[in-house]
Amino acid sequence: APSITTYKTHFPSSSSSSLLLLHGSHVITCHVTCALVCSQVLEDLFGLGPEHQLLMDYSCAMRGKLLLHGRLYVCQDVVCFYSNLFGQDLKRVFQLSNVTRLRKRKVAYVIPALELSLDGTTRVMFSSFFSGRRDKCFALLSNLLSKRPDVTIDGVTVPPASPAPSSGSGSVPPPSAPRSLESPPP
């Protein structure tokens, strides 16, 4: 019986790896997520434990005195940014619980950007996303922040979650009778 040989490759620019399985003369390629690699990156760069699961990472720049290009790491409860410019590491961790506003912005009227307002006083701007990734990052952060009633997302305040209606309130109309797919007789 032919044996199965496994070769693993990793693409550093993405959060996926490829497994090449050789079964006899057949080559099977499998793409798998690198949960272990991603959690190791978060631990090595930011000192975050394994409870912080990486959802997505984006190549972008953080605006400050200088435009610092690096990677934005989005987790369930934190957003992290890492840049290495001329050997100088910049590491920032922003708790999503401190975010009060998320906005889409444009820099110089043409460059798409995201702005996070933290505790109503500090604003952090990320720009230079590759090929429409700003909107995907905005959608992910909007989804994570939509559970909080005190956050304004792109100019719309998220309403607090309404309580579930009680079963005896009578406010829910009864279901209608199912319709027949047959046409009525002539």
Side-chain angles (χ1 to χ4, degrees), residues 10-17 31-85 88-164:
H10 175 67
F11 304 103
S13 63
S14 69
S15 60
S16 65
S17 285
H31 296 284
V32 295
T33 59
C34 294
L36 294 176
V37 172
C38 294
S39 64
Q40 188 66 41
V41 167
L42 291 174
E43 185 175 337
D44 291 347
L45 289 177
F46 304 105
L48 300 176
E51 68 275 5
H52 296 283
Q53 179 185 1
L54 180 65
L55 300 176
M56 188 61 69
D57 64 307
Y58 302 94
S59 177
C60 66
M62 187 170 84
R63 297 184 58 83
K65 291 181 182 178
L66 295 173
L67 191 63
L68 299 171
H69 199 273
R71 292 204 75 78
L72 183 69
Y73 299 93
V74 180
C75 299
Q76 195 71 24
D77 55 349
V78 295
V79 173
C80 305
F81 180 79
Y82 174 76
S83 175
N84 185 330
L85 183 64
Q88 298 294 317
D89 285 344
L90 174 73
K91 300 174 187 179
R92 296 286 187 260
V93 178
F94 306 104
Q95 297 289 330
L96 286 179
S97 60
N98 294 338
V99 174
T100 57
R101 186 176 199 167
L102 172 66
R103 293 175 60 188
K104 287 183 184 180
R105 301 293 302 257
K106 291 221 181 218
V107 178
Y109 299 105
V110 292
I111 301 169
L114 280 180
E115 181 182 81
L116 293 176
S117 295
L118 307 169
D119 295 328
T121 57
T122 306
R123 293 187 309 190
V124 182
M125 179 119 31
F126 299 101
S127 62
S128 301
F129 287 88
F130 287 137
S131 66
R133 300 280 188 213
R134 188 266 318 242
D135 292 335
K136 292 181 181 184
C137 184
F138 179 81
L140 176 61
L141 289 171
S142 296
N143 188 25
L144 293 172
L145 293 169
S146 67
K147 301 170 182 121
R148 296 199 19 240
D150 58 337
V151 176
T152 302
I153 298 176
D154 211 19
V156 178
T157 302
V158 176
S162 60

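Between P112 and V110, the shortest heavy-atom distance links the atoms CD-O, 3.3 Å. Looking at every heavy atom in both residues, S128 comes nearest to I111 through N-CG2, 4.2 Å. Annotation for S59 and R71: closest pair CB-NH1, 3.5 Å, computed over non-hydrogen atoms. Scanning both residues, D77 and H52, for their nearest heavy atoms gives OD1-ND1, 3.0 Å. Residues C75 and L54 share a closest heavy-atom pair of SG-CA, 4.0 Å. Scanning both residues, F129 and L114, for their nearest heavy atoms gives CZ-CD1, 4.0 Å.
The shortest side-chain heavy-atom distance between C137 and L140 does not fall under the 4.5 Å cut-off. Side chains of F126 and Y58 form no contact here, defined as non-hydrogen atoms less than 4.5 Å apart. Side chains of L45 and Y73 form a contact here, defined as non-hydrogen atoms less than 4.5 Å apart. V74 places a side-chain heavy atom less than 4.5 Å from the side chain of L144. Taking 4.5 Å as the limit, some side-chain heavy atom of L102 sits within range of a side-chain heavy atom of L116. Q95 has its side chain within reach of V78: a pair of non-hydrogen atoms, C-beta onward, lies under 4.5 Å apart.
Around NZ of K91, the count of heavy atoms belonging to other residues, nucleotides or ligands within 6.0 Å exceeds 12. Heavy atoms of other residues, nucleotides or ligands lying less than 6.0 angstrom from CD of Q88 number 12 at most.
One distance of note links CE of M125 with SG of C60; it measures 12.0 Å at 0.5 Å rounding. Note that CD of E43 and CG of L48 are 9.0 Å apart. Values are rounded to the nearest 0.5 Å. Residue D57 holds its CG atom at 14.0 Å from OH of Y82, rounded to the nearest 0.5 Å. Distance check: E51 CD to L42 CG gives 10.5 Å after rounding to the nearest 0.5 Å.
Among R63, R101, R105, the single residue meeting the salt bridge (charged side-chain N to carboxylate O under 4.0 Å, His left out) criterion with E115 is R105.
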Where do R92 and V124 land on the side chain to side chain contact (heavy atoms under 4.5 Å, CB included) test, with the steps shown first? CA-CA 11 Å; R92 296 286 187 260; V124 182; over 6 Å; no

Derivation of the side chain to side chain contact (heavy atoms under 4.5 Å, CB included) call for F138 and I153: CA-CA 9 Å; F138 179 81; I153 298 176; 3.6 Å; yes

Test side chain to side chain contact (heavy atoms under 4.5 Å, CB included) applied to K104 and D135, step by step: CA-CA 8 Å; K104 287 183 184 180; D135 292 335; 3.4 Å; yes

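A tilted orientation is assigned to the rings of F130 and H69, their planes being inclined by 30° to 60°.
Between the side chain of R123 and the main chain of S117, no donor-acceptor pair closer than 3.5 Å is present. For N98 (side chain) and L118 (main-chain N/O), no donor-acceptor pair under 3.5 Å exists by modelled atom type. Checking side-chain atoms of R148 against main-chain N and O of L96 turns up a donor-acceptor pair under 3.5 Å.
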